[in-house]
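Atoms within each ligand, like the ligands themselves, are counted from 1 in listed order. What you see is a predicted model, and the numbers here were worked out from it, not measured in a lab.
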Amino acid sequence: MKSLTSKRIVLAVSGSIAAYKAPDIVRRLQDLGAEVRVILTTGGSKFITEMSLQAISKNKVHDNLWDKDAELSMGHIELAKWADAILIAPASANTIANIASGKANDLLTSVILASDCPIILAPAMNQKMYSSIALKDNLSVLHNRNMNVISPDYGDQACGDVGEGRLPEPVNIATKVSELFKNTRLTGKKVLITIGATIEEIDPVRFLSNRSSGKMGMALANTCIEYGADVTIVYGNISTQLNDRCNNISVTSAEQMYKAVMKNIDHQDVFISCAAVCDYKIKDVSKDKIKRSGSNMFLELVPNKDILFDVCKLNSKPVTIGFSAETQNLTKNAKNKLINKGCDAIILNDVSRADIGFNSDDNEVVFLTSNQSIKIEKNSKQKVGKKIIEILCNKLL
Ligand SMILES: Cc1cc2nc3c(=O)[nH]c(=O)nc-3n(C[C@H](O)[C@H](O)[C@H](O)COP(=O)(O)O)c2cc1C
């Protein structure tokens, strides 16, 4: 997998003579697998056309904070949220000063203030401008705000001077951007995660299910995406948002979930069974709505196939993690599950507590393997998910 696969990069092009290199920067980012959207400042538009950048990036160029159409779908906040990283290349002395002073008087500076992703700048200007105290002071402000600065190259300049201030080669800029993203043991790995509750029909209007929301599984998926994995989600009934960078497969019943997992399990490196799969289904689902009769009624249940067990039996079994939702004899039950299913780890979840587990935003779990037990203290599901994936990377991959 390429180092920027599925990464979303906003390239901001400001008013430097080196802006003519911007289309090449777009191409080099795309070569590494990134999707690129361009912001063009007013200064930048004096040196390079919107048309070239639009054609190369295959996306509309954003050049106006006051664009009514853009505000409907992709305003400055949307663009800030969309980006995994913002690259300003070339970064003019003026743009650097505006960002350092916290201005928000154009699209680029507003996006910068509204973003929380990594920001990387490639200053490009005349060597005297680059060595000026004002520019150095502004760069040190940006450095203290954890922004990354790519040092310009030394050499011949458009104005005839020789010195430091040339924009580095686009391929080197693209490489620097890719270095912002962690190369983890999950980079390029394929991960399949089941999430949410399955639904077992009783009749056309009633069903058996459980309280699983899918929040824990999505927290795991989001971290896997962040760590560069190629993630497939098989989801049942959920009350959380999916990540559009996963391959998302919708199912309803345990039987459908079983089929979807088995269809997609080949070549997976990791399988995480986080869904709350109904252990039983109704033997004879009624075609018509069952009517009240006044007397007791009995539903005959039959066991569903065991997804986790059957994945663990596969010849080319991926690293497999199960979840054990328990209300009593927590550790004993979870350890039994670890052994009986044959998986590599079990995440023990106490679902008797109202403050964690099912449908809660927080969780507290124990990561159990055959020889280790690691407690992950109560925290948001996002943070607990991150810890689980870090332990997976360190202990099992
Ligand atoms: C021909 C010409 C070349 C310029 N080259 C640069 C440059 O390489 N770097 C720079 O910081 N400013 C350069 N400037 C000045 C900027 O274009 C100017 O400060 C502009 O306001 C920057 O706008 P922006 O920061 O909004 O993009 C140049 C100006 C002109 C007229």
Q. Between D203 and R206, is the closest basic N to carboxylate O distance under 4.0 Å?
A.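 Salt bridge: yes.
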(Q) Give me the atom names and distance for the closest heavy-atom approach of L308 to I321. (A)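 Closest approach of L308 to I321, heavy atoms only: CD1-O, 4.4 Å.
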Q: State, to 0.1 Å, how close S178 and L4 come at their nearest heavy-atom pair, and which atoms those are.
A: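 The pair with the smallest heavy-atom distance is CA-CD2, 3.6 Å.
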Q: Output the set of protein residues with a heavy-atom contact under 4.0 Å to ligand 1, ordered first by chain identifier and then by residue number.
A: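 Ligand 1 pocket, heavy atoms under 4.0 Å: S14, G15, S16, I17, T41, G43, G44, F47, S92, A93, N94, T95, A124, M125, M129.
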Q. Can a donor-acceptor pair be found between the side chains of S324 and E326 at a distance below 3.5 Å?
A.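 Indeed, the side chains of S324 and E326 share at least one donor-acceptor pair under 3.5 Å.
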**Q.** Worked verdict on S286 versus D288 for side-chain hydrogen bond (donor to acceptor under 3.5 Å, both in side chains)
**A.** CA-CA 5 Å; S286 172; D288 299 307; 5.7 Å; no
Q.
Atom NZ of residue position K287 - does it have more than 12 heavy atoms of other residues, nucleotides or ligands inside 6.0 Å?
A.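 No - once you tally the heavy atoms of other residues, nucleotides and ligands closer than 6.0 Å, there are 12 at most.
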